[in-house]
Amino acid sequence: MSGASDNIIFKRIKNDDKDAFNILFEEYYAPLCEFSYRIISDKQAAEEIVADVFANIWIKRRKITITSSLKSYLFISTKNTTLSYLRKMKNKNVNIEGMMNFEPVDGSNPEKEVISKENLRSYEQILLIIPEKSRMVFMMHRFDKLKYREISEILGISIKTVEKHMGKAIKLMRDYAKQSGILGSLFVLFVKFLMKF
């Protein structure tokens, strides 16, 4: 869904259009659940958090004013609601090891379709060598398809900082690939993966 069509959908939602709300929900529910899950490592809580975000949007639809993109607004709302949940639970320890285990509700996971099951474990290990902040930026860009500007808005950091985190993540991944001697199909896939940036 493009930014322009997002705006049209949101205008329809503000006018009580339930079909438009359902379109928005179907488009963003799974990615937002995955995003929340990366922060709290609790699938059920992530799903409840995102459900709350959407419920809040419907309840406050006429009062909400979006100054950025709707996509950024959804990710920021999810981030804030997730952090609020963490504060309530007094759980500041994020389970980084579990962040790749989330299965989106619709069962589709583009990365797992591209990367075979045998190679997925190696791929996860590569991601885990990246420091937490850089990994979050990298995954938001790669998995959530967010632009640098959107990541900057969501995380409250400058675009330059986003670029630094992405550069650091890619450098660490390339270095890891060289040092660990990744060979064969995984190496080819890994090179193609990095070439997308």
Side-chain angles (χ1 to χ4, degrees), residues 1-89 91 94 99-114 133 136-163 165-166 196-197:
M1 198 181 289
S2 70
S5 58
D6 273 357
N7 291 337
I8 293 165
I9 290 287
F10 193 66
K11 279 180 187 172
R12 287 172 55 193
I13 290 169
K14 282 176 93 80
N15 290 321
D16 306 331
D17 187 334
K18 289 181 182 177
D19 290 336
F21 180 78
N22 288 334
I23 290 167
L24 187 72
F25 184 87
E26 286 174 21
E27 178 75 18
Y28 287 108
Y29 180 74
L32 292 173
C33 283
E34 191 165 356
F35 175 67
S36 177
Y37 179 80
R38 281 188 222 131
I39 300 169
I40 59 173
S41 297
D42 182 331
K43 181 182 175 183
Q44 186 176 350
E47 289 173 353
E48 288 171 9
I49 284 163
V50 175
D52 285 348
V53 167
F54 278 102
N56 217 31
I57 286 170
W58 182 254
I59 292 164
K60 297 180 178 176
R61 63 193 178 278
R62 292 181 189 160
K63 296 176 184 174
I64 293 171
T65 303
I66 296 174
T67 54
S68 57
S69 69
L70 178 57
K71 187 176 186 180
S72 292
Y73 178 85
L74 289 168
F75 275 89
I76 290 168
S77 297
T78 302
K79 179 192 77 170
N80 292 340
T81 308
T82 303
L83 294 176
S84 176
Y85 170 86
L86 276 179
R87 280 192 292 273
K88 283 179 191 168
M89 299 298 292
N91 177 12
V94 178
M99 73 178 171
M100 291 297 289
N101 295 329
F102 183 82
E103 291 291 341
V105 174
D106 64 0
S108 66
N109 186 328
E111 294 307 317
K112 287 188 182 180
E113 287 169 13
V114 175
K133 286 181 183 175
M136 178 64 79
V137 168
F138 179 84
M139 293 180 79
M140 287 173 77
H141 181 63
R142 181 62 188 95
F143 292 90
D144 301 321
K145 312 290 187 214
L146 293 166
K147 295 173 183 167
Y148 285 7
R149 178 183 47 76
E150 292 171 324
I151 296 168
S152 165
E153 288 172 8
I154 293 162
L155 297 182
I157 58 178
S158 70
I159 292 174
K160 265 207 178 320
T161 304
V162 172
E163 289 170 354
H165 281 304
M166 280 299 294
K196 292 180 182 179
F197 301 99

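- Glu47 places a side-chain heavy atom less than 4.5 Å from the side chain of Tyr29.
- Note that the CZ atom of Arg38 and the NZ atom of Lys79 stand 14.0 Å from one another [nearest 0.5 Å].
- A distance of 3.5 Å separates CD1 of Ile49 from CD1 of Ile40, quoted to the nearest 0.5 Å.
- Below 30°, between 30° and 60°, or above 60°: for Phe25 and Phe54 the angle between ring planes is above 60°, a perpendicular geometry.
- Considering CE of Met136 and CD1 of Ile151, their distance stands at 10.5 Å, rounded to 0.5 Å.
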Would you sort out whether Leu70 and Leu24 count as a side chain to side chain contact (heavy atoms under 4.5 Å, CB included), showing the intermediate values?
CA-CA 10 Å; Leu70 178 57; Leu24 187 72; 3.4 Å; yes
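- For the atom pair Leu32 CG and Lys71 NZ, the distance stands at 10.0 Å (nearest 0.5 Å).
- Nearest heavy atoms, His141 versus Leu146: ND1-O, 2.9 Å.
- Judged by distance alone, with hydrogens and angles left aside, the side-chain atoms of Ser84 form no donor-acceptor pair with the main-chain N or O of Asn80 at under 3.5 Å.
- For Thr82, the side-chain hydrogen bond (donor to acceptor under 3.5 Å, both in side chains) criterion is met by Ser36, not counting sequence neighbours.
- By the 4.5 Å heavy-atom criterion applied to side chains, Tyr28 and Thr78 are not counted as neighbours.
- The closest side-chain heavy-atom distance from Thr81 to Asn56 is not below 4.5 Å.
- In this structure, Leu74 and Ile57 have side chains that are in contact, with non-hydrogen atoms separated by less than 4.5 Å.
- Residues Glu27 and Ile9 fail the side-chain proximity criterion, which asks for heavy atoms closer than 4.5 Å.
- The OH atom of Tyr148 lies 15.5 Å from the CD atom of Glu153; values are rounded to the nearest 0.5 Å.
- The two residues Pro31 and Asp144 make their nearest non-hydrogen contact at O-OD1, 4.1 Å.
- Among Asn15, Ile13, Asp19, the single residue meeting the side chain to side chain contact (heavy atoms under 4.5 Å, CB included) criterion with Asp17 is Asp19.
- Heavy-atom contacts from other residues, nucleotides or ligands closer than 6.0 Å to NZ of Lys14 number more than 12.
- Phe35 is listed as a side-chain neighbour of Ile154, based on a closest heavy-atom distance under 4.5 Å.
- In plain terms, the two heavy atoms of Ser158 and Ser152 that are nearest each other are C-OG, 3.8 Å.
- No hydrogens or angles considered: nothing links the side chains of Tyr73 and Asp6 as a donor-acceptor pair under 3.5 Å.
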Test Leu155 against Met140 for side chain to side chain contact (heavy atoms under 4.5 Å, CB included), laying out the working first.
CA-CA 10 Å; Leu155 297 182; Met140 287 173 77; 3.9 Å; yes
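- Glu34 contributes atom CD, which lies 12.0 Å from atom CD1 of Ile39 (distance to the nearest 0.5 angstrom).
- By the 4.5 Å heavy-atom criterion applied to side chains, Ile157 and His165 are counted as neighbours.
- The pair Arg61-Asp16 meets the salt-bridge criterion, with a side-chain N (NZ, NE, NH1 or NH2) lying under 4.0 Å from an Asp/Glu carboxylate O.
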